[in-house]
Trainee: 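This is the structure I have questions about; it appears just below.
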Protein chains: 2
Amino acid sequence: MTDGPDWRPVKRVRAFEEVVAQIEEQIASGRLRAGDKLPGERALAAALGVGRPSVREAMRVLEAMGVLVANPGSGPEAGAILAGSAGPALTGVLGLHLGLANFAVDDVVETRLLIESWAVEGAARHAGEADLDRLHAIVAAMDDPDLSPDRFNELDTEFHTTIAELSGNALVTTFMRALRDTVRRHQRRAVAELGPDTGALRADHRAILAAIVARDPRAAADAVAAHLRRAYPQVSRVREDAPSPEN
Amino acid sequence: MTDGPDWRPVKRVRAFEEVVAQIEEQIASGRLRAGDKLPGERALAAALGVGRPSVREAMRVLEAMGVLVANPGSGPEAGAILAGSAGPALTGVLGLHLGLANFAVDDVVETRLLIESWAVEGAARHAGEADLDRLHAIVAAMDDPDLSPDRFNELDTEFHTTIAELSGNALVTTFMRALRDTVRRHQRRAVAELGPDTGALRADHRAILAAIVARDPRAAADAVAAHLRRAYPQVSRVREDAPSPEN
DNA sequence: ACCACAGTGTGGTCCGACCACATGATTCGA
DNA sequence: TCGAATCATGTGGTCGGACCACACTGTGGT
């Protein structure tokens, strides 16, 4: 394994990478926290001994990762502010690599099934009364007969996101939402609008909620699996976890 | 719900965002495929009617998302080439938001447990003889008594990544690796080196492999869970999926 | 007290220039 | 003739400067 000189191809370090690295370090060490505001681009460039374009490229990278937002103008809203949720960044990454065929739509849906099944089990175990009320309200709101498709989608997102939150794992929530948005954006581009009629989807939601209310994690997971299979019928690969009749 | 004027805050569209959007569109529509090379920055800027800095910032964004790599010089290796795995990009995003306390280390480990448990079940069902040989070879290689910590870690990564691949879901593989790298990088920064002695970890690997060989998905998942609990003892929150004694 | 206005600082954009690098054609020498 | 040093070319990387649009802020005037 360790035969021959075996050089590494020399690490090319670009200026903006060093800028990103330093900001990352400030974040990791806790010297920079969420809500903090970075110095202005000009000041930062001077402090780091690089040109403003390098600082700007670093900003773009951090912005793409959902770490900061940049606002022009003056006042408390202006400048580069550390904030951010990882969600949109993840959605973007997943969407791009979906387009590059680095993985398939089936993979995405299957992963969402895996994650959301787990999340709903947690929800069935730990949901409090207030949580259940929120879910009931969402389900009820989706029964409005003259609901715009966009609004319907918003409520659907809220339903699933709330369930994910009840798992108590913020990362799972983020993943779940990113996976859902990725699939949705992808099929928006290819196929027509909502495939299955909303009636079946709303019935699924009620079944999921009923299982959560009944504190039955297994039934809740099954209901979620059935729901996703109905919502994404074009996805062929849907595996079972426990009840595998094979072998 | 639709009361009042209800303005949207005006979409600020920056030039580089438009550039990114156009490249994204070319990718989504299939006109740009993996392996393709983009025009030079100057040519692209001229074609799009923007300045070169805007094109460069777009490049940085796409590069940060793991979509392309940029090489200077001349020849077939030079230029902006579409390629890329999503892995490093995901690791970067997760690490940053871990530092920003948008989610906790426990969340990350728990999510990895969830994903890898599922993956190993698939591996136990679908692994072929060649796959098992690969795993056996890795496990054997890790028994070398004078193995550098770095090399040990490489092999450990290979073991877990191979299992994830056997699930047949490329996205799960990517996630698994990103989660693992995120935790590792994080504790590198905080705590000392390898916590548990390698002997127990290697024994865990053997147990996981044995369950896969035995085609026992349930046992394999349990073995993975036990392994992760041993590897990350500082993580308090480790839930069970099915065998929950509570309730 | 109120309002209009210039001042100031922010990010956004662009231009032009130069550098380092890798390649390929060219030229010069043996 | 063949080889090797050299130059030309084109790439991304970096920089400084300049200008713009924007949003706030203080300072005038009314």
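The model shown is predicted, which means the values in this text are computed figures rather than measured ones. Letters A, B, ... are given to chains in the order of the sequence lines, protein chains preceding strands, and every chain is numbered from 1.
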Trainee: Within the sub-3.5 Å range, which N or O atoms of nucleotides 14-18 of chain C have a protein N or O partner, and how far apart are they?
Mentor:
residue: C:dC14; atom: OP2; partner: B:G51; partner atom: N; Å: 2.9
residue: C:dC14; atom: OP2; partner: B:S54; partner atom: OG; Å: 2.7
residue: C:dC14; atom: O5'; partner: B:G51; partner atom: N; Å: 3.4

Trainee: Over how many whole Å does the gap from A:L68 atom CG to C:dT10 atom P extend?
Mentor: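 Atom CG in A:L68 sits about 16 Å away from atom P in C:dT10.
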Trainee: With a strict under 4.0 Å distance from non-hydrogen atoms of chain B, what nucleotide opens and what nucleotide closes the contacted stretch of DNA chain D, reading 5' to 3'?
Mentor: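 Terminal contacting nucleotides, 5' to 3': D:dG10 to D:dT14.
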Trainee: Excluding sequence neighbours, so at least two apart, what forms side chain to side chain donor-acceptor pair (under 3.5 Å) with A:E18?
Mentor: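 Result, side chain to side chain donor-acceptor pair (under 3.5 Å) vs A:E18: none returned.
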Trainee: Is any side-chain N of the basic residue among A:E17 and A:R14 closer than 4.0 Å to the acidic one's carboxylate O?
Mentor: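 Salt bridge: yes.
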Trainee: Do B:E77 and B:N71 pair up side chain to side chain, a donor and an acceptor below 3.5 Å, judged on atom types alone?
Mentor: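 The criterion, which ignores hydrogens and geometry beyond distance, is not satisfied for B:N71 and B:E77.
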Trainee: Using the side-chain hydrogen bond (donor to acceptor under 3.5 Å, both in side chains) rule, collect all pairs that involve residues 37-47 of chain B, keeping only residues at least two apart or in two chains.
Mentor: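 Listed once each, the pairs are B:E41-B:R52, B:E41-B:R56.
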Trainee: In whole angstrom, what separates A:R14's CZ from C:dC21's C1'?
Mentor: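 After rounding, the reported distance stands at 14 Å.
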Trainee: Just by distance, no angles: are the side chains of A:R185 and A:T91 close enough, under 3.5 Å, to form a donor-acceptor pair?
Mentor: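 No donor-acceptor contact under 3.5 Å links the two side chains.
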Trainee: Would you mind telling me which residue lines up with the more 5' stretch of DNA chain D, A:G73 or B:A80, judged by nearest nucleotide?
Mentor: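 Closer to the 5' end of DNA chain D: B:A80.
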Trainee: Just jot down the side chain to side chain contact (heavy atoms under 4.5 Å, CB included) partners of B:E154, sequence neighbours excluded, or say none.
Mentor: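 For B:E154 the side chain to side chain contact (heavy atoms under 4.5 Å, CB included) partners, ignoring immediate neighbours, are B:R151.
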Trainee: Does the side chain of A:H205 pick up a donor-acceptor pair with the side chain of A:D156 at under 3.5 Å?
Mentor: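 Judged by distance alone, the side chains do pair up.
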Trainee: Which residue, B:F16 or B:E77, contacts DNA chain C at a nucleotide closer to its 5' end, judged by nearest heavy atom?
Mentor: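 The residue mapped nearer the 5' terminus is B:F16.
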Trainee: Expressed in angstrom and rounded to an integer, what is the separation of A:E57 atom CD from C:dT13 atom C1'?
Mentor: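 Going from CD in A:E57 over to C1' in C:dT13 covers 14 Å.
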Trainee: Who pairs with B:R112 by salt bridge (charged side-chain N to carboxylate O under 4.0 Å, His left out), at least two apart in sequence or on another chain?
Mentor: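 If we apply the salt bridge (charged side-chain N to carboxylate O under 4.0 Å, His left out) test to B:R112, skipping adjacent residues, the hits are B:E116.
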